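Everything below concerns the one structure shown next.
Both counts, for ligands and for their atoms, begin at 1 and track the order of listing. This is a predicted model, so every value here is computed, not measured.
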Amino acid sequence: MKTTFQYLGHSCFLLTTNGQKVLFDPFISGNPLPQAQKIDIKSIMPNFILISHGHADHIADAITIAQQSGATCICSWEIHEWLQKQGVTNTHPMNTGGFWNFTFGKVQAVVAHHSSGLPDGSYGGNPMGFVLNLSDLTLYYSGDTALTLDMQLIPKRHKIDAAILPIGSNFTMDIDDALTAAQFVQAKKVIPVHYDTFGFIVVDKEECMIKAKNAGIELNFVNIGETITL
Ligand code: NI
Ligand code: MN
């Protein structure tokens with residue numbers, strides 16, 4: 001079975017890989033878009049939850065989904081401590097640069113250039129991205145980040161098949177920097193996230209598609225709720 005990607009809006013997505021479900025940056029109930037409001041969060045039962053940083057638009061539904069599913073939450077040391085205080089006991093702390101073999105694949109936590117305060121003002125440590133060595137492909141999810149030269153280190157260690165990158169600008173990279181990021185990590189295929197949810201990050205999809213075509217990058221917009229094969 002090939003790895004599949006289901007888009008749940010904003011930067012939240014569910015990978016199904018090697019018979020396991022891996023959820024990223026759970027933020028569904030607070031997403032104002034009507035397609036996201038149709039998603040029943042009670043039906044989301046992942047084996048793992050990866051959290052890139054502490055901002056509410058990446059963690060708001062993490063406690064609910066972790067508690068209903070028993071999923072292992074993979075996140076920074078500081079977010080791990082915070083989740084433990086909220087009663088989430090199944091956590092796995094990482095920090096940037098580190099690798100760990102999980103049952104769904106091998107994960108490296110990588111640098112993201114952003115901030116990571118938690119919703120109650122607690123310190124969330126450094127934000128991070130993830131490289132995922134899965135059974136059939138290697139994925140890079142940058143998390144919220146600026147374009148950074150550190151991305152050029154990633155292909156020295158990994159052969160990236162697809163990159164999941166924010167394109168909404170204002171808080172993160174815009175489409176132009178995301179396309180440069182794809183070139184830095186040597187990914188030919190990009191799935192965009194972190195756009196259109198709020199007024200600050202609305203994008204012109206047609207313009208993005210033209211820019212990607214000119215850059216020789218396959219840009220795959222996925223509708224909220226839709227599942228694609230990677
Ligand atoms: Ni953020
Ligand atoms: Mn964000």
Open item on the list: Strictly under 2.8 Å, how many protein N, O or S atoms lie near the Mn ion (ligand 2)? Waters don't count.
Closed with: 4

Open item on the list: Surrounding NE2 of H114 (heavy atoms of other residues, nucleotides or ligands, distance under 6.0 Å), is the total greater than 12?
Closed with: yes

TODO: Using atom types as modelled and distance alone, determine if a side-chain donor or acceptor of S76 lies under 3.5 Å from a backbone N or O of G124.
DONE: yes

- [ ] Go around the Ni ion (ligand 1) and count every protein N, O or S atom nearer than 2.8 Å.
- [x] 4

Task: Salt bridge K211-D176, side-chain N to carboxylate O under 4.0 Å - done: yes

TODO: Please state whether the rings of H80 and W77 are parallel, tilted or perpendicular, taking 30° and 60° as the class boundaries.
DONE: tilted

TODO: List the steps and the verdict of side chain to side chain donor-acceptor pair (under 3.5 Å) for Q84 and T91.
DONE: CA-CA 8 Å; Q84 293 274 338; T91 56; 2.7 Å; yes

- [ ] Under the side-chain contact (heavy atoms from CB on, under 4.5 Å) rule, what do K21 and L14 come out as? Steps first, then yes or no, please.
- [x] CA-CA 7 Å; K21 292 190 184 300; L14 183 71; 4.1 Å; yes

Open item on the list: Can you confirm if the NZ or CZ of K106 lies within 45° of the ring axis of F99 and under 6.0 Å from the centre of its six-membered ring?
Closed with: yes

TODO: Name the orientation class of the two ring planes belonging to F171 and H194 (parallel below 30°, tilted from 30 to 60°, perpendicular beyond 60°).
DONE: perpendicular

TODO: For a side-chain hydrogen bond (donor to acceptor under 3.5 Å, both in side chains) with T3, tell me which candidate from D136, D161, T16, T229 qualifies.
DONE: D136

